[in-house]
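Report on one structure; see the data block that follows.
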Amino acid sequence: MVRRKCCSCRMRMLIGLLAIATWTGITVAELPPGVQSCPRTTDLTQYGKCVLEQLQAINPYLANGIPSLKLPALDPLYLPSLTVDRNLESLKIKANMTKIRVYGATNYHIDDLKANPHDLSVTLKVELPHVHVNGDYDVQGRLLLLPLNGAGSFKGNFTDTEVFVNAQGKEATDKNGVQRIEIDKLVTKIRVGDGNIKLKAPPSHTLAADAAATFFNSNPRLVLDIASPIIEDTAATVSRALAARALGALTKEELLP
């Protein structure tokens, strides 16, 4: 169940990039070839259509990353480590996950997009049909009455994930007096349709790992719903970091000509 957090925060990193791309739908040196200009207009329907075209144009570059925007490769996306420490009514957990790799984050479908270049707002609904995650874990805690204790490696497959994003930008001036755009607010909701996990542990932790995996795989909807607040909080933190890196590479003029 801890694994689910890794998967979703990777999704959020992708969503952070999509929000950025909404504002970076212009042709500047830092952007990959083929990304065309989206002129500011009062016709928000036309503007949203243009932005959607730019997101489709930028998609082929996401797997290998975009160094000029300081964006890492997204397929697979590698995270050296992730720490979760939460105490909820049904889920108490302290977990350290390392060597995390996520596959499938660039295979997304945008179901809905609204963007306003005047107030710097973006809303997105994105679907990820399939995401695979693997890595190492060290966890202590409980899920309902089930102890979560042990260390080892994990694999997870998750399908039909829906991601809803509301992002709000703001104008800012950096220490050199250059005007830029920053993320002011980022609200995300994630619903994973289904999933299964496999846990591999040394002999001393095998029973606990088998019990946790069996419980998850027998009750994926229950576990995913319980873990939802942790998933979304972790994902939002990662998304903000990704957005800050990319937005820091572009000026306000480049973002909004």
Side-chain angles (χ1 to χ4, degrees), residues 6-38 50-83 97-110 113 115 117 120 122 124 126 128 130-135 163 165 167 169-184 186 188 234-257:
C6 303
C7 171
S8 295
C9 62
R10 261 29 93 206
M11 296 169 195
R12 277 334 150 76
M13 293 185 77
L14 170 62
I15 297 308
L17 173 57
L18 295 179
I20 294 162
T22 300
W23 294 318
T24 57
I26 55 173
T27 303
V28 296
E30 290 85 350
L31 292 173
V35 180
Q36 302 300 315
S37 174
C38 284
C50 178
V51 168
L52 182 58
E53 291 173 352
Q54 306 321 306
L55 293 177
Q56 293 169 341
I58 207 171
N59 181 272
Y61 300 96
L62 299 181
N64 295 324
I66 306 176
S68 60
L69 292 180
K70 301 179 182 178
L71 294 173
L74 287 179
D75 208 348
L77 176 66
Y78 175 72
L79 284 186
S81 64
L82 177 65
T83 299
M97 290 160 282
T98 57
K99 301 178 182 178
I100 304 162
R101 286 179 171 81
V102 182
Y103 301 81
T106 60
N107 182 29
Y108 58 82
H109 303 300
I110 301 173
L113 181 152
L120 302 180
V122 181
L124 289 167
V126 180
L128 292 100
H130 178 256
V131 176
H132 173 75
V133 188
N134 62 52
V163 185
V165 179
K170 67 177 182 180
E171 298 182 14
T173 303
D174 68 16
K175 62 181 180 181
N176 297 316
V178 178
Q179 287 189 308
R180 300 189 183 276
I181 302 295
E182 296 179 350
I183 294 289
D184 186 29
L186 183 65
T188 56
T234 304
T237 299
V238 177
S239 292
R240 279 183 172 274
L242 177 70
R245 293 176 65 178
L247 289 173
L250 297 165
T251 67
K252 176 189 172 184
E253 268 190 42
E254 290 172 325
L255 288 166
L256 297 171

First locate atom [atom1] of [X], then atom [atom2] of [Y], and finally report the distance between them rounded to the nearest 0.5 Å.
X    : Y    : atom1 : atom2 : answer
L120 : I183 : CG    : CD1   : 9.0 Å
N107 : N59  : CG    : CG    : 8.5 Å
L55  : L124 : CG    : CG    : 7.0 Å
E182 : T173 : CD    : OG1   : 9.0 Å

Taking every non-hydrogen atom, the tightest pair across [X] and [Y]:
X    : Y    : value
A63  : A73  : O-CB, 3.0 Å
I181 : E171 : CD1-CG, 3.9 Å
Y108 : V126 : CB-CG1, 3.7 Å

Check your understanding: Is it true that a side-chain atom of D174 and a backbone atom of N176 form a donor plus acceptor pair closer than 3.5 Å?
Key ->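 Side chain of D174 to backbone of N176, a donor-acceptor pair under 3.5 Å: yes, one is there.
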
Check your understanding: Can you check side-chain contact (heavy atoms from CB on, under 4.5 Å) on I100 and Y78, steps first, answer last?
Key -> CA-CA 6 Å; I100 304 162; Y78 175 72; 6.0 Å; no

Quick one: does [X]'s side chain get under 4.5 Å of [Y]'s, heavy atoms only?
X    : Y    : result
L186 : V165 : yes
V131 : V102 : yes
R101 : V133 : no

Check your understanding: Hey, mind stepping through I58 and I66 against side-chain contact (heavy atoms from CB on, under 4.5 Å) and telling me if it holds?
Key -> CA-CA 10 Å; I58 207 171; I66 306 176; 3.9 Å; yes

